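None of these values were measured; they are calculated from a predicted model.
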Amino acid sequence: MSSQPLYLPDDLPLRGHRRACLPLGALDKELKWDALARYATQQRVMGAFLAAFVRGTECFSVLKSRDSRGIKNVIKQWQHVRKAFDSHPLRRRTIGAAR
(Lines give C-alpha, C1' and ligand atoms only; values in the text may rest on other atoms or scores of the structure.)
Protein backbone atom coordinates (compact mmCIF):
# COMPACT_ATOMS: atom_id res chain seq x y z
CA MET A 1 0.00 0.00 0.00
CA SER A 2 1.15 3.50 -0.74
CA SER A 3 0.08 6.85 0.61
CA GLN A 4 1.03 8.37 -2.75
CA PRO A 5 -1.92 9.41 -4.92
CA LEU A 6 -2.87 7.42 -8.00
CA TYR A 7 -3.45 9.55 -11.08
CA LEU A 8 -4.95 8.56 -14.39
CA PRO A 9 -2.45 8.80 -17.27
CA ASP A 10 -2.44 12.12 -19.11
CA ASP A 11 -2.80 10.31 -22.44
CA LEU A 12 -5.89 8.35 -21.33
CA PRO A 13 -8.66 9.41 -23.75
CA LEU A 14 -11.36 11.50 -22.07
CA ARG A 15 -14.10 10.28 -24.45
CA GLY A 16 -16.21 13.30 -23.56
CA HIS A 17 -15.98 12.74 -19.81
CA ARG A 18 -14.23 14.59 -17.06
CA ARG A 19 -11.92 12.95 -14.58
CA ALA A 20 -12.19 13.02 -10.82
CA CYS A 21 -10.08 11.73 -7.95
CA LEU A 22 -11.28 11.19 -4.41
CA PRO A 23 -8.96 10.94 -1.42
CA LEU A 24 -8.90 7.58 0.36
CA GLY A 25 -8.41 7.28 4.09
CA ALA A 26 -6.58 4.44 5.82
CA LEU A 27 -9.77 2.36 6.21
CA ASP A 28 -10.66 2.85 2.52
CA LYS A 29 -7.22 1.67 1.45
CA GLU A 30 -7.41 -1.33 3.78
CA LEU A 31 -10.80 -2.31 2.34
CA LYS A 32 -9.47 -1.98 -1.20
CA TRP A 33 -6.42 -4.06 -0.28
CA ASP A 34 -8.66 -6.75 1.25
CA ALA A 35 -10.96 -6.77 -1.80
CA LEU A 36 -8.05 -7.21 -4.20
CA ALA A 37 -6.59 -9.96 -2.01
CA ARG A 38 -9.73 -12.04 -2.60
CA TYR A 39 -8.69 -12.52 -6.23
CA ALA A 40 -6.30 -15.33 -5.32
CA THR A 41 -5.51 -16.50 -8.86
CA GLN A 42 -4.74 -12.95 -10.01
CA GLN A 43 -2.63 -12.34 -6.91
CA ARG A 44 -0.41 -15.30 -7.79
CA VAL A 45 0.22 -13.93 -11.27
CA MET A 46 0.20 -10.14 -10.79
CA GLY A 47 -0.03 -9.32 -7.09
CA ALA A 48 2.50 -6.49 -7.26
CA PHE A 49 0.65 -4.92 -10.19
CA LEU A 50 -2.68 -5.01 -8.33
CA ALA A 51 -1.06 -3.64 -5.17
CA ALA A 52 0.05 -0.60 -7.16
CA PHE A 53 -3.61 0.45 -7.36
CA VAL A 54 -3.97 0.75 -3.58
CA ARG A 55 -3.04 4.40 -3.23
CA GLY A 56 -4.15 7.58 -1.50
CA THR A 57 -6.72 8.42 -4.19
CA GLU A 58 -9.38 6.67 -6.28
CA CYS A 59 -9.57 8.16 -9.77
CA PHE A 60 -12.32 7.62 -12.30
CA SER A 61 -14.19 9.11 -15.24
CA VAL A 62 -17.46 10.87 -14.37
CA LEU A 63 -20.25 9.60 -16.60
CA LYS A 64 -23.12 11.74 -17.77
CA SER A 65 -26.72 10.59 -17.31
CA ARG A 66 -27.05 9.84 -21.03
CA ASP A 67 -24.16 7.37 -20.70
CA SER A 68 -26.26 5.16 -18.44
CA ARG A 69 -28.28 3.98 -21.44
CA GLY A 70 -25.21 2.14 -22.69
CA ILE A 71 -24.53 0.56 -19.29
CA LYS A 72 -27.48 -1.82 -19.71
CA ASN A 73 -25.90 -3.17 -22.89
CA VAL A 74 -22.51 -3.54 -21.20
CA ILE A 75 -24.08 -5.52 -18.34
CA LYS A 76 -26.03 -7.70 -20.76
CA GLN A 77 -22.87 -8.49 -22.73
CA TRP A 78 -20.90 -9.20 -19.54
CA GLN A 79 -23.61 -11.61 -18.34
CA HIS A 80 -23.48 -13.44 -21.66
CA VAL A 81 -19.68 -13.75 -21.55
CA ARG A 82 -19.72 -14.81 -17.89
CA LYS A 83 -22.32 -17.52 -18.57
CA ALA A 84 -20.22 -18.88 -21.44
CA PHE A 85 -17.09 -18.79 -19.29
CA ASP A 86 -18.74 -20.53 -16.33
CA SER A 87 -20.07 -23.34 -18.51
CA HIS A 88 -16.85 -23.93 -20.47
CA PRO A 89 -15.53 -27.50 -19.82
CA LEU A 90 -11.90 -26.39 -19.59
CA ARG A 91 -12.76 -23.81 -16.94
CA ARG A 92 -14.57 -26.37 -14.78
CA ARG A 93 -11.66 -28.83 -14.89
CA THR A 94 -8.66 -26.53 -14.45
CA ILE A 95 -9.87 -23.53 -12.51
CA GLY A 96 -12.45 -25.41 -10.44
CA ALA A 97 -9.81 -27.94 -9.36
CA ALA A 98 -7.55 -25.13 -8.07
CA ARG A 99 -10.08 -24.13 -5.41
Side-chain angles (χ1 to χ4, degrees):
M1 255 189 292
S2 173
S3 60
Q4 296 296 314
L6 175 68
Y7 296 109
L8 296 174
D10 289 336
D11 60 347
L12 182 69
L14 286 172
R15 295 185 177 98
H17 304 295
R18 69 178 179 85
R19 294 186 183 129
C21 292
L22 298 176
L24 296 181
L27 179 59
D28 298 320
K29 288 189 286 185
E30 190 68 34
L31 288 170
K32 188 170 183 178
W33 180 269
D34 290 345
L36 289 172
R38 292 180 181 264
Y39 292 92
T41 55
Q42 289 91 336
Q43 287 293 334
R44 287 194 294 264
V45 178
M46 57 181 179
F49 175 74
L50 293 174
F53 288 93
V54 182
R55 300 292 192 99
T57 56
E58 185 70 27
C59 297
F60 52 92
S61 294
V62 179
L63 300 178
K64 297 177 179 91
S65 60
R66 70 173 183 260
D67 297 321
S68 65
R69 286 177 250 153
I71 301 281
K72 182 190 273 186
N73 293 329
V74 171
I75 292 171
K76 189 175 181 180
Q77 178 64 23
W78 178 85
Q79 289 170 332
H80 171 73
V81 169
R82 181 62 199 229
K83 185 176 180 180
F85 178 77
D86 285 345
S87 64
H88 193 280
L90 181 61
R91 187 229 182 246
R92 286 197 308 267
R93 278 185 283 146
T94 57
I95 297 174
R99 288 184 192 172

Checklist line | Partner set under side-chain contact (heavy atoms from CB on, under 4.5 Å) for Gln79, not counting sequence neighbours | finding: Ile75

Check: Any idea which heavy atoms bring Arg55 and Pro5 closest together, and the distance?
Finding: NH1-O, 3.3 Å

Check: Looking only at atom types and distance, does a side-chain atom of Gln43 sit under 3.5 Å from a main-chain N or O of Leu36, one as donor and one as acceptor?
Finding: yes

Note to self: So for atom NZ, which belongs to Lys76, do other residues, nucleotides or ligands contribute more than 12 heavy atoms lying within a distance under 6.0 Å?
What the structure shows: no

Checklist line | Non-hydrogen atoms of Trp33 and Ala51 that approach each other most closely | finding: CZ3-CB, 3.7 Å

Item checked: Partner residues of Leu31 under the side-chain contact (heavy atoms from CB on, under 4.5 Å) criterion, sequence neighbours left out -> Leu27

Next item on the list: Answer yes or no: is there a side-chain heavy-atom contact under 4.5 Å between Leu6 and Glu58?
Entry: no

Margin query: Which residues pass the side-chain contact (heavy atoms from CB on, under 4.5 Å) test with Arg38, not counting sequence neighbours?
Written below: none

Check: Under 3.5 Å, is there a donor-acceptor pair between the side chain of Lys32 and the main chain of Phe53?
Finding: yes

Checklist line | Value rounded to 0.5 Å, distance of CE in Met46 from OH in Tyr39 | finding: 10.5 Å

Next item on the list: Give the minimum heavy-atom separation between Lys29 and Val54, together with the two atoms involved.
Entry: O-CG1, 3.6 Å

Notebook entry, point to check: Closest heavy-atom contact between Asp28 and Pro23?
Noted result: OD2-O, 4.5 Å

Note to self: Is any side-chain heavy atom of Phe60 closer than 4.5 Å to one of Leu22?
What the structure shows: yes

